[in-house]
Amino acid sequence: MSGAIALAGMATLRSGAGLVKLAVPDAVLDTVASFEPSYMTVALPSDGAGRISLDAKSQIEPLLEISTCIACGPGLGRSDDLTELVVWMYSSVAQPMVLDADALNALATRPDVLTKPGGPRVLTPHPGEFRRLIGDDSSTEDQLLVQAVELARRTSTVVVLKGHRTLVTDGSRSARNTTGNPGMASGGSGDVLTGIITALICQHLSPFDAAQLGVHIHGLAGDLAAAELGQVSLMASDLVRFLPQAFRS
């Protein structure tokens, strides 16, 4: 899903990261590179379905070593190889990581790993992804809020439970976001948020502060875009386009 990682990359740049490098399957490198010339791309070995293969591990390792912060998940897809790669990075990488989308789905299959992060971690699930993470399909909205705080405390991570009035918690502190609108509930919006939080961590904000400011800026960009374009026509790339106005305000 080349558009997802491209949106995340563009949002990372627009949110102040100095250098952004996207490591993607070789099958989609040209497509991802064509979206934006300001980020760099690295081709990784892919399987027959165009997903990153386990053979990419040796190429990913040196990229991790030079990174200030790593984002994982947007457009990733699902496979046994990808699950192994996500689990390996989550449990062994010392740098901060922001995990979204299929990276969270991979971790949901290995719940024992969640309590063993190798460094600072920000998890950004929507309610469906969160239910998979905790293995409970029946939780009400109010119960999810309590469970998010508990998951953050138990795993020593920052959890960003996305939705109306997104919750940001590290298990001891919690904040509810007040920006954003229903027009943002479309594909790609979460990928933009991943990029924003990643960029803020790159600028030496703590994971909790980066997540709290990130969801505020993300929602504010959505509100500015909706004021000009309307909520019905709002799409994820508009959020990237309105990030400069959100930061300036």
Side-chain angles (χ1 to χ4, degrees), residues 1-24 28-42 67-77 96-104 122 124-126 129 160 162-164 166 168 177-203 205 207 209-249:
M1 292 170 276
S2 55
I5 190 60
L7 284 167
M10 289 186 284
T12 309
L13 285 168
R14 282 294 191 193
S15 301
L19 292 172
V20 175
K21 186 174 290 186
L22 305 184
V24 300
V28 298
L29 178 75
D30 291 346
T31 302
V32 172
S34 71
F35 283 111
E36 174 56 58
S38 301
Y39 53 57
M40 296 170 284
T41 50
V42 177
S67 298
T68 306
C69 181
I70 299 104
C72 182
L76 191 64
M97 288 185 67
V98 181
L99 296 108
D100 184 31
D102 279 329
L104 298 173
V122 180
T124 63
H126 59 57
E129 292 163 342
V160 177
K162 296 182 292 194
H164 176 60
T166 291
V168 180
N177 186 52
T178 57
T179 60
N181 61 81
M184 297 171 65
S186 61
S189 179
D191 305 314
V192 174
L193 177 61
T194 295
I196 297 170
I197 296 173
T198 301
L200 294 173
I201 293 175
C202 285
Q203 293 164 85
L205 273 71
D209 289 343
Q212 188 176 1
L213 178 59
V215 296
H216 175 80
I217 287 289
H218 180 252
L220 182 56
D223 290 341
L224 292 168
E228 182 171 320
L229 306 172
Q231 292 186 23
V232 171
S233 296
L234 193 61
M235 58 185 183
S237 58
D238 296 323
L239 303 179
V240 177
R241 186 157 60 90
F242 279 85
L243 280 174
Q245 291 185 36
F247 277 106
R248 285 171 58 195
S249 71

Legend entry - Closest heavy-atom pair and its distance - C69, V98: SG-CG2, 4.2 Å

Inset, instruction - Check G195 against T12 and note the closest heavy-atom contact, atom names and distance. - result: CA-OG1, 3.1 Å

Inset, instruction - Indicate yes or no: at least one non-hydrogen side-chain atom of S15 is less than 4.5 angstrom from one of L243. - result: yes

Legend entry - Spatial distance of atom CG (L19) from atom OG (S38) [nearest 0.5 Å]: 11.0 Å

Legend entry - pair M10-L13: side-chain heavy atoms closer than 4.5 Å: no

Legend entry - Main-chain N/O of A199 paired with Q203 side-chain donor or acceptor, under 3.5 Å: yes

Inset, instruction - Return each pair, listed once, that meets side chain to side chain donor-acceptor pair (under 3.5 Å) where at least one residue sits in residues 210-225; pairs must be two or more places apart or across chains. - result: N181-D223, S189-H218

Inset, instruction - State, yes or no, whether a side-chain contact exists between L229 and F242 at a heavy-atom distance under 4.5 Å. - result: yes

Legend entry - Pairwise side-chain contact, E36 with V240, heavy-atom cut-off 4.5 Å (strictly under): no

Inset, instruction - Search all heavy atoms of T31 against all heavy atoms of S34 and return the closest pair with its distance. - result: O-OG, 2.6 Å

Inset, instruction - Apply side-chain contact (heavy atoms from CB on, under 4.5 Å) to the pair V215 and L193, showing each step before the final yes or no. - result: CA-CA 7 Å; V215 296; L193 177 61; 3.9 Å; yes

Legend entry - Interatomic distance, N177 atom CG to K162 atom NZ [nearest 0.5 angstrom]: 13.0 Å

Legend entry - For L239 against G222, the heavy-atom pair lying closest together: CD2-CA, 3.4 Å

Legend entry - Side chain to side chain, L220 and S249, heavy atoms closer than 4.5 Å: yes

Inset, instruction - Check step by step if side-chain contact (heavy atoms from CB on, under 4.5 Å) holds for L200 and I217. - result: CA-CA 11 Å; L200 294 173; I217 287 289; 5.6 Å; no

Legend entry - Gap separating the CG atom of D191 from the CG atom of L7, nearest 0.5 angstrom: 6.0 Å

Inset, instruction - Quick one: pull up CG in L76 and CE in M1 and give me the separation to the nearest 0.5 Å. - result: 7.5 Å

Inset, instruction - Indicate the atoms forming the closest heavy-atom contact of F35 with A6, along with that distance. - result: CD1-CB, 3.4 Å

Legend entry - Side chain to side chain, E129 and T124, heavy atoms closer than 4.5 Å: no

Legend entry - Pairwise side-chain contact, S186 with L234, heavy-atom cut-off 4.5 Å (strictly under): no

Inset, instruction - Only counting residues at least two apart or in another chain, list the ones meeting salt bridge (Lys or Arg N to Asp or Glu O under 4.0 Å) with D238. - result: R241

Inset, instruction - Please name the pair of heavy atoms, one in V122 and one in P207, separated by the smallest distance, quoted to 0.1 Å. - result: CG2-CB, 3.7 Å

